[in-house]
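Reading through the structure tokens given below for one structure.
Only a predicted model underlies this, so the values are computations on that prediction, with no experimental measurement involved. A, B, ... follow the sequence lines: proteins, then strands. Residue 1 opens every chain.
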Amino acid sequence: MLYYIYDGTFDGLLTAIYDSYYKKDFPEQIVPQDNFTDNFLINKVYIRTDEEKSKKVHDAILQKISRGAMANIMYAYLSEHENAGIFILEYLRFGFKVGKIIDSYLADDRVNNINKLVTKVAREKHLLAGIIRFRLLQNNIYYALIEPQYNTICLLGKHFAGRMSDQVFVIHDVKRSYGVFYDKTKWFMSDIEINKDIVLHEKEIFYQELWKRYFDGITIESRLNPKLQSNHMPKRYWKYLIEMN
Amino acid sequence: MDLNEKIKILSDSAKYDVSCSSSGSSRKNKKGGIGNAAPSGICHSWTPDGRCISLLKILFTNYCIYDCKYCVNRSSNDIPRASFTTDELVNLIINFYRRNYIEGLFLSSAVCVSPDHTMELLLKSVKRLREEFNFNGYIHVKAIPGASNALIEETGKYVDRMSINIELPSDESLKLLAPQKTKESIIKPMGLIKSGIIQYQEEKLKFKNAPQFVPGGQSTQLIVGATKENDLKILKLSEYLYNSYKLKRVYYSAYVPVSNHPNLPAISRPPLLREHRLYQADWLLRFYGFSSDELLNEEHPNFDELLDPKSGWAIRNLDKFPVEINKADYYTLLRVPGIGVKSAQRIVQGRKVSMLDFSDLKKLGIVLKRAKYFITCKGKYFPQRSIPTNPVSIKSRLLLEDNIKTHENIEQLSFFTLFPDIMAAEGEL
């Protein structure tokens, strides 16, 4: 069994794709090193991330397949699914063969596997755009905590930088210990390590209470349907929602 | 009165307005400004009744000079009353928006002092949000029936969506339950907004920077079950509003008993299933190419509560089935029960590269529960022991598929669990 092991970055993954073409390899799995559990049957190849190789793959996808295919594999990668790496390789091999019509092959497993992941990630991205809650801190930073199922917060930087253009904010992915930062001019990603207490702005609790009051006021008692509520907004996201606590 | 108390009173009074959609506008943020609109709309939370919160839906005031029988804010009703000041309201919006609680504002009001006075209050609030706070998020404002043309037109320049609620679907019902309102006072401003929107759309083609006017379109709401109109009458009215007034949405609100006036029906719970069927039919009008005459007629003026409108239509029109998945055009596919817009698009896309069979359909995510009675793939019916072809057996099969589940869940409202996909489509009400 041949395993490709990469550093977990998107560039690393694209490098792995490049190497598999160059060496005419058919790896069984392409996995990030953090998720890799060794056993003696596995034949390991460690991929050395190379931006040049990654760029070549990127350009080839745009030229020979489509911009949509590029977005698809990006989303599939962000799903962090255990088979994402190998699904992406199979999808791209097929794509390089059939070209931009690839996304019409909806019933083909190589396409279907990717589409399923894309749907999940896209859905979470849209949900998070709505349910992220900023708390205003004493130092005037708007700070949001979230534990997404997939690695989606990097998809949200542009959205929030566009609408909250005049406020400094941080969206903190607690599970992955990193976040989106925005400083009123540009947004970027960075690791987060919190080493001092977070102090709320004096007005913060006031607005949280108003929001809860509104949430209670707008509910129609004779239509209660908590199951529908949690269908739309799964309970795993409630932890950081002000109105649910 | 403190702000907490006001929010409680003024949101409680606003909640029977079902519209909460923030879609249809692509307003951009300005330099140094706050907010923009997402064309798809974004839901920010869901209340325990399963409805989404997208906009801060609130009344400016619930002091009302009118005494409409069906309305919780009628002047004769003994409830706590409150009014915002513009300062309070705009600060609230900005602070909620910055925390990402909301997508914008849906501002409505009871009629306080006079229609013009009320409309001025609403206009002043949205104007301050746009001009003073450089707020570019979504704003939906209610046009107050009876307010002057000039005020309504001026308001249209600042908002993304405007609506006037018809509430009662006929003249007689208006006379019975809202004698101080007339059909004219509702229809006239709708026409005004419609021509404003058309003018804006024409100018937009000529000038890139044409001043916006209600870019998210116009909507209205009809109350279902407070008066005796049948489904046919309601659906005909909606169809007329879509065709002649170019409305973006008609909302249906199951009447929630808020008064025991003798002119109102004595019901214990809102007719949610009927509301649901009307929404399904509304979707058929707007996205599936159906007309109201196909769905209902004078002999059958109401929807079968047990069967969705499309299945009902298909069973009455079995001569049009089965449909061959690999040949039928898009609009024919759309008419198959169980096949929605996304499914039809996927089928059309997928068959470009290969003939589809039933296992392919499953991979495309097509739900066959209903569809299998109405389609063939490569000339063959679904491989099941027997697929009935007469209306009575198809109907009983369809009901059986649902009833198996209804028994597990005796509660009357279980249709939410029966049709989660449809409810998801309506999620952003």
Verify the distance criterion only: is there a donor paired with an acceptor across the side chains of [X] and [Y] at less than 3.5 Å?
{"X": "A:Y150", "Y": "A:E80", "result": "no"}
{"X": "B:S54", "Y": "B:S22", "result": "yes"}
{"X": "A:N72", "Y": "A:Y91", "result": "yes"}
{"X": "B:N136", "Y": "B:N29", "result": "yes"}

Pairs of heavy atoms under 4.5 Å with chain A: top-ranked of [options]:
{"options": "B:K6, B:K31, B:E103, B:R99", "value": "B:R99"}
{"options": "B:I7, B:D12, B:I102", "value": "B:I7"}
{"options": "B:N36, B:L3, B:L356, B:D360", "value": "B:N36"}
{"options": "B:A254, B:S359, B:G350", "value": "B:G350"}

Could you tell me whether [X] atom [atom1] has more than 12 heavy atoms of other residues or ligands within 6.0 Å of it?
{"X": "A:E193", "atom1": "CD", "value": "no"}
{"X": "A:R93", "atom1": "CZ", "value": "yes"}
{"X": "B:K363", "atom1": "NZ", "value": "yes"}
{"X": "A:R67", "atom1": "CZ", "value": "no"}

For the interface with chain B, which of A:K184, A:M244, A:R213, A:K203 has the highest count of heavy-atom pairs at distances below 4.5 Å?
A:R213

Between chain B and each of A:H159, A:M164, A:Q208, count heavy-atom pairs under 4.5 Å; write down the option with the most.
A:M164

Engaged part of [X] at the chain B interface, taking heavy atoms whose separation is under 4.5 Å:
{"X": "A:N115", "answer": "neither"}
{"X": "A:F169", "answer": "neither"}
{"X": "A:F215", "answer": "both"}
{"X": "A:F206", "answer": "side chain"}

Measure [X] against the heavy atoms of chain A and call it side chain, backbone, both or neither at under 4.5 Å.
{"X": "B:S45", "result": "both"}
{"X": "B:K352", "result": "side chain"}
{"X": "B:Y101", "result": "both"}
{"X": "B:L56", "result": "both"}
{"X": "B:I53", "result": "side chain"}

Go through A:D103 and B:Q349 one step at a time and tell me if the side-chain hydrogen bond (donor to acceptor under 3.5 Å, both in side chains) criterion holds.
CA-CA 8 Å; A:D103 289 314; B:Q349 199 185 0; over 6 Å; no

